[in-house]
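Before anything else, here's the structure in question.
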Amino acid sequence: MMELQFTGIGSAFNTELGNTSAFIREKNSMFLIDSGGTVFHKLKTLRLFEALENLYIIITHTHPDHVGSLGEVIFYAHYIQKIKPFIFFPDKNLLNNIFFGIGVGNEMYTLQCTENAVISDENFGNIEIEFTKVSHTKTMPAYGFFLKLQGMSLYYGGDADDVNEAALQRLKSGEIDRLYQDTCGLEYEGNSHTSLRRLKERVSQEYRNKVYCMHLDEHINKTDIIDSGFKVAEIYK
Ligand SMILES: [Zn+2]
C-alpha cells in the first residue's frame, strides 16, 4: 500500500529532524503536506521537483515551520517548472494575505478553501480531503484533515494540543487505517502540542500500532514512543 513519505519529522526547534512535512509522489504528480522553512531545500535535494507536472499542497496552519518555504515552492513551481500548484487551506484571507506580503501573485496558484474537497488527478485518481479544526494556538486557526488517496484512508493531525476525537472514533471503527499525530516530550501548562503522556491516555493499546508520531521535539525519545506501542513517522531517504 502507498504511504506518506516524510521529508522531516521535527518540531519547530528540532532542526536536526527537519520541519515536519510529508509527500506522496506518483509519476508526475505530487501531494505535499505543509512546507516549513527547511522543506523547499529538502524537496530539491531529493529531486522531487523533477518532471513534476501536478502539485497539490495542503496547509495545516501558518506557523513558519509549516509555511516558511511555501513561497519558494510556489516560485519554483511557477518560474522553473512552469506549473500552477493547487493549494488546499480553509482560511482564504489568511493565506492570501501571507502570499501578498511575500510577493506570491495570485496567478501563481489555485486556492481551494472549502473544508471538503474532491480533486481528480491523472495519476492519483480522486483526492478526497476533509478538514477539521484542531486546537493548537489561540492566535491562528489550525486544521487536521482526513485524506483518501489511492486506497489510503488516513487522518493527519497537523499541530494540535490533543488527539482529534472524530479521528480517534474513525480509527476505532476502521474508517481510517492510520492516524498521524503531533507528539512531544515536553510537558507544561498551556502546551500547544500533544505530549506522549497525553497520547497514551487517549489511545488504548489495541489501536496504537496505527498511530504515527511526528513533529517530535528534543525532549522525546523514539524508544519511549515505540515501547508505548506507537509508531514513529520515518524520514524518506
Ligand atoms: Zn504550529
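Positions are given from 1, in the same order as the sequence printed here. Numbering of ligands and ligand atoms starts at 1, following listing order.
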task = Run the salt-bridge test on Arg170 and Glu130 with the 4.0 Å N-O cut-off and return the result as yes or no.
result =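 Looking at Glu130 together with Arg170, the answer is yes, because their closest N to O distance falls below 4.0 Å.
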ask   = Counting backbone and side-chain atoms alike, does His66 have an N/O/S atom under 2.8 Å from the Zn ion (ligand 1)?
value =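 No N, O or S atom of His66 is closer than 2.8 Å to the Zn ion (ligand 1), so no.
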query = Strictly under 2.8 Å, is any N, O or S atom of Asp65 next to the Zn ion (ligand 1)?
reply =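 No, outside the cut-off.
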ask   = Would you call the rings of His63 and His61 parallel, tilted or perpendicular if under 30° counts as parallel and over 60° as perpendicular?
value =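 Perpendicular, since the angle between the ring planes exceeds 60°.
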task = Have a look at His63 and say which of its N, O or S atoms is nearest the Zn ion (ligand 1).
result =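 The Zn ion (ligand 1) is closest to the His63 atom ND1, counting only N, O or S.
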ask   = Quick check: does any side chain N or O of Arg208 sit under 3.5 Å from a backbone N or O of Val203, one acting as donor and the other as acceptor?
value =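 The answer is yes, because a donor-acceptor pair under 3.5 Å joins these two groups.
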request  = Could you tell me which N, O or S atom of Asp159 is nearest to the Zn ion (ligand 1)?
outcome  =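 Minimum-distance N/O/S atom of Asp159 relative to the Zn ion (ligand 1) is OD2.
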Geometric class of the His66/His215 ring pair [parallel <30°, tilted 30-60°, perpendicular >60°] =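 Answer is parallel, since the angle falls under 30°.
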task = State which residue, out of Tyr143, Phe146, Phe145, Phe31, fulfils the ring pair (Phe, Tyr, Trp, His ring centres under 6.0 Å) condition with Tyr156.
result =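 So, applying the ring pair (Phe, Tyr, Trp, His ring centres under 6.0 Å) to Tyr156 and each of Tyr143, Phe146, Phe145, Phe31, only Phe145 qualifies.
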The Zn ion (ligand 1): angle it makes with NE2 (His61) and NE2 (His136), nearest 10 degrees =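 About 100° at the Zn ion (ligand 1).
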